[in-house]
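Per chain, numbering begins at 1; letters A, B, ... match sequence-line order.
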Amino acid sequence: MTQAMILFSSDFIRDIIEDDLQTNKNEGRVATRFPPEPNGYIHIGHAKSVCLNFGIAAQYQGTCNLRLDDTDPLGESMEFVESIIRDIRWLGFDWGDRLFYASDYFEKIYQFAVELIKSGNAYVCSLSPDEVREQRGTFTEPGKESPYRNRSVEENLDMFQRMRAGEFADGAHTLRAKIDMASPNIVMRDPVIYRIKREPHYRTATKWVIYPMYDFAHCLSDALEGITYSICTLEFENNRPLYDWIVGKLITGLRPRQIEFARLNLSYTVLSKRRLIELVKKDYVQGWDDPRMPTVTGMRRRGYTPEAIRKFCAEIGVAKNDNLIDVALLEHCVREDLNDRAPRAMCVLRPLRVVIDNYPENQMEQFECANHPQNPEMGTRKIPFSRVLYIERDDFMENPPKKYHRLGPGREVRLRNAYVIKYESMVRDDRTDEVIELHCTYDPQTRNASPADGRKVPGVIHWVSAQQSVPAEVRLYDRLFSIEDPGSEGEDFINHLNPNSLEILTTCYVETNLKNAGPESQYQFERLGYFCVDMDTVAGKPVFNRVVQLRDSWAKITGSKDY
RNA sequence: UGGGGAAUCGUUCAAUGGUAGGACAACGGACUCUGACUCCGUUUAUUAAGGUUCGAAUCCUUAUUCCCCAGCCA
């Protein structure tokens with residue numbers, strides 16, 4: 001990614017780095033890493049971390065490694081590795097040849113453990129999981145030392161080797177760091193650093209039956225890669241003393257420094273892996289790339305751009321306060337980006353038929369329309385106009401309120417890019433009494449001009465030609481949850497799913513120009529919002545996802561939600 | 001309850017002993033062939049109480065509130 005694409009910024013982590021650079025710590029080197037576990041898809045919260053780690057590397061001419069933190073084979077898979085790589089690339093970041101796997105370090109990490117045993121700093125413990133828990137103590141009481149704590153180095157070495165050789169059942173023994181069972185920090189009470197797990201690993205297959213724990217593997221992986229700043233989230237603050245203890249015992253010279261920041265929370269969604277997995281597994285959504293999901297792949301399918309996501313990550317900043325970011329900020333960022341780059345188009349979501357009585361039966365005109373009102377470089381396109389049109393149902397009211405400036409009995413309105421038309425009469429369905437058709441007349445003088453008599457026509461509505469438009473499916477998305485913080489309540493978050501988070505409209509009409517629009521291309525449907533061509537599109541029958549609505553000050557007045 | 005963190009507009013981020021500022025949101029208004037965009041304007045904050053100081057969001061003291069930790073998850 002080029003320098004220009006990076007949003008440079010300042011925060012408490014960058015302050016630390018700049019201080020270090022001043023004193024030439026780490027010989028002026030800046031090395032970070034993004035270390036996801038490949039057991040799920042990455043989401044907008046990960047994107048914050050990606051932007052932070054890769055952004056810092058770019059800002060200080062350093063490096064950022066991509067490292068798959070795959071030390072627990074349960075749930076990890078190549079599918080997730082591939083999705084993570086795809087998503088980070090799409091976000092616009094590059095790690096060159098520095099793609100690493102913690103699993104590639106298993107042998108080295110094993111040797112580090114042997115070293116720890118030899119120096120008397122680790123022992124094989126044969127307590128059961130329950131016993132370990134019981135003996136760990138509580139917040140207020142110290143733990144008890146394991147009866148196996150003082151095994152000889154020789155016995156430990158032998159046992160650990162036999163653990164590796166597969167002589168024992170899962171859970172029969174663990175390797176524990178010998179630290180302090182009385183530590184007020186529970187993390188330091190002789191933490192388990194290796195466990196036996198007879199689970200095939202997606203990369204090392206059945207080569208290993210013991211796997212290092214996060215606390216042991218992560219800091220050593222950082223050290224092996226020469227990481228200078230190991231940036232992680234707040235919940236690892238308690239683990240930092242252990243991080244420093246392990247590195248202090250095993251690594252000489254320059255050591256990585258762990259710095260913690262607050263993870264992102266976003267209103268009206270959930271960002272915990274556990275909850276996201278539940279949404280997918282129990283079919284509350286249609287997969288990881290469901291456009292309602294806060295996953296990178298979901299947002300991509302929805303129509304978000306990498307630029308918008310990066311802007312958002314820059315806007316929210318980095319600090320140590322717990323936060324709940326208003327999703328309105330995310331929406332603002334995508335509108336800002338798409339406003340600049342999305343060509344305009346017209347689409348009628350809920351059609352109402354309009355006949356222009358004084359327009360000749362077989363006449364057809366082509367109007368040249370700007371693709372972007374502020375950017376002429378985006379060119380023009382031709383839009384067909386004819387006697388029968390569709391307009392939005394919401395753009396006609398029988399008994400409109402005062403400030404409504406669209407169509408109604410006795411009213412005039414401007415058809416966007418076309419003529420001013422005037423209401424003449426309506427046709428009702430005999431049975432339902434519903435208005436099914438409008439008859440209007442047009443003013444031929446108003447094609448590219450205001451009415452000759454100087455009268456004001458305040459309203460402008462969008463439309464398509466009935467004959468020359470293409471049927472489309474449009475999927476309207478709303479927030480996945482109906483409360484701000486579904487993750488916080490004691491109640492099951494599933495109870496707060498928004499039942500109206502997806503509305504599928506199958507009778508829409510879009511202008512002919514979009515008949516073969518390619519997947520992932522974004523448009524602004526004027527007066528409606530930004531839309532993105534979904535991958536479910538088939539030739540000639542486009543499917544659009546609504547990325548986000550336009551800001552709508554009329555909706556604020558009426559309280560109505562959308563079209 | 002022991003330990004580790006954090007408290008600043010509605011939401012967020014800043015101000016590093018010297019004018020509390022930005023963004024989003026909200027609310028007015030201007031403009032407009034998108035009730036969009038853009039532009040102009042307005043409202044709103046230092047958790048509390050003491051102290052140090054010419055001067056405190058910042059330093060000290062005492063409270064209060066919230067988050068994290070008792071996985072052989074990360």
What distance, rounded to whole Å, do you find between the two C1' atoms, one in rA14(B) and one in rG22(B)?
7 Å

Should E18(A) and R14(A) count as an ion pair when the cut-off is N to O under 4.0 Å?
no

Looking only at the side chain of N321(A) (C-beta and beyond, no hydrogens), which of the listed nucleotides rG2(B), rC13(B), rC73(B) gets closest?
rC13(B)

Let's see if you can work this out: which of rU34(B), rG5(B), rA74(B) has an atom nearest to the side-chain heavy atoms of Q524(A)?
rU34(B)

Taking 4.0 Å as the cut-off, does a side-chain nitrogen or oxygen of R198(A) come that near to OP1 or OP2 on rC72(B)?
no

When the nearest nucleotide of RNA chain B is assigned to R344(A) and to L324(A) on a heavy-atom basis, which residue is associated with the more 5' position?
L324(A)

Hey, does the side chain of Q258(A) reach the backbone of F236(A) with a donor-acceptor pair shorter than 3.5 angstrom?
yes

Between F544(A) and F531(A) (judged by ring centroids, cut-off 6.0 Å), do the two rings come close enough to count as a pair?
no

What's the closest nucleotide to the side chain of N323(A) if the choices are rU34(B), rU12(B), rU1(B)?
rU12(B)

For rU38(B), what is the paired nucleotide under Watson-Crick or G-U wobble rules, both distances under 3.5 Å?
rA30(B)

Side chain of E237(A) - closest among rU1(B), rG5(B), rU34(B):
rG5(B)

Is the Lys NZ or Arg CZ of R33(A) less than 6.0 Å from the centre of F100(A)'s six-membered ring, within 45° of the axis?
no

Measure from the side chain of P373(A), starting at C-beta and using heavy atoms only, and say which of rA70(B), rG5(B), rU34(B) lies closest.
rU34(B)

Any T71(A) side-chain nitrogen or oxygen under 4.0 Å from OP1 or OP2 of rA74(B)
yes

If you check every side-chain atom of L234(A), which of rU34(B), rG5(B), rC69(B) has the closest atom?
rG5(B)

Would R263(A) and E235(A) pass as an ion pair if we require N to O under 4.0 Å?
yes

Using OP1 and OP2 only, check whether a side-chain N or O of N417(A) sits under 4.0 Å from rC33(B).
no

Do the charged groups of K311(A) and D337(A) touch, with an N to O distance under 4.0 Å?
no

Main-chain N/O of D394(A) paired to R406(A) side chain as donor or acceptor, under 3.5 Å:
yes

Rounding to an integer number of angstrom, what distance separates rC37(B) and rA74(B) when you compare their P atoms?
47 Å

Taking atom P in both rA57(B) and rG71(B), what distance in whole Å separates the two?
44 Å

Mind checking the C1' distance from rU12(B) to rA26(B)? Whole angstroms is fine.
15 Å

Could you check whether any side-chain N or O of D222(A) sits under 3.5 Å from a backbone N or O of I227(A), counting only pairs where one atom can act as donor and the other as acceptor?
no

May I ask you to verify whether the side chain of N238(A) and the base of rG5(B) hold a donor-acceptor pair under 3.5 Å?
no

R195(A) side chain N/O closer than 4.0 Å to the phosphate oxygens (OP1, OP2) of rA74(B)?
yes

Scan residues 163-185 of chain A against RNA chain B and write down, sorted by residue number, each residue with any heavy atom closer than 4.0 Å; if none is found, say none.
G171(A), T174(A), P184(A)

Counting heavy atoms from C-beta on, name the nucleotide in rC37(B), rU1(B), rA74(B) closest to the side chain of T140(A).
rU1(B)

Expected label for rG71(B) (glycosidic angle, syn inside 90° of 0, else anti) would be syn

I want to confirm an ordering. Mapping V457(A) and I196(A) to their closest nucleotides on RNA chain B, which one lands closer to the 5' end?
V457(A)

For rC73(B), does either OP1 or OP2 sit under 4.0 Å from a side-chain N or O belonging to K197(A)?
yes

Is the shortest side-chain N to carboxylate O distance from D443(A) to R455(A) below 4.0 Å?
yes

Base, sugar-phosphate alone, or nothing: which one does Y404(A) contact when heavy atoms must sit under 4.0 Å apart?
base

Answer yes or no for this row: Y214(A) ring on rC73(B) base, centroids under 5.5 Å, planes under 30°.
no

Quick one: D485(A) CG to rU12(B) P, roughly how many Å, whole number?
11 Å

Classify the ring geometry between Y523(A) and F525(A) as parallel (under 30°), tilted (30 to 60°) or perpendicular (over 60°).
parallel

Ion pair check, E392(A) and R527(A), cut-off under 4.0 Å:
no

For the side chain of R133(A) and the base of rG71(B), is some donor closer than 3.5 Å to an acceptor across the two?
no

Determine the interatomic distance between C1' on rA20(B) and the same-named atom on rC13(B); round to the nearest Å.
13 Å

I'd like to know if Q374(A) reaches the base of rU38(B) with its side chain such that a donor and an acceptor end up less than 3.5 angstrom apart.
no

Given rA70(B), rC33(B), rC68(B), which nucleotide is nearest the side-chain atoms of F139(A)?
rA70(B)

Given rA74(B), rC13(B), rC33(B), identify the nucleotide with an atom nearest to the side chain of A319(A).
rC13(B)

Can you give one letter per nucleotide of nucleotides 19-29 of chain B, 5' to 3': B if a protein heavy atom sits under 4.0 Å from the base, S if only from the sugar-phosphate, - if neither?
----SSSSS--

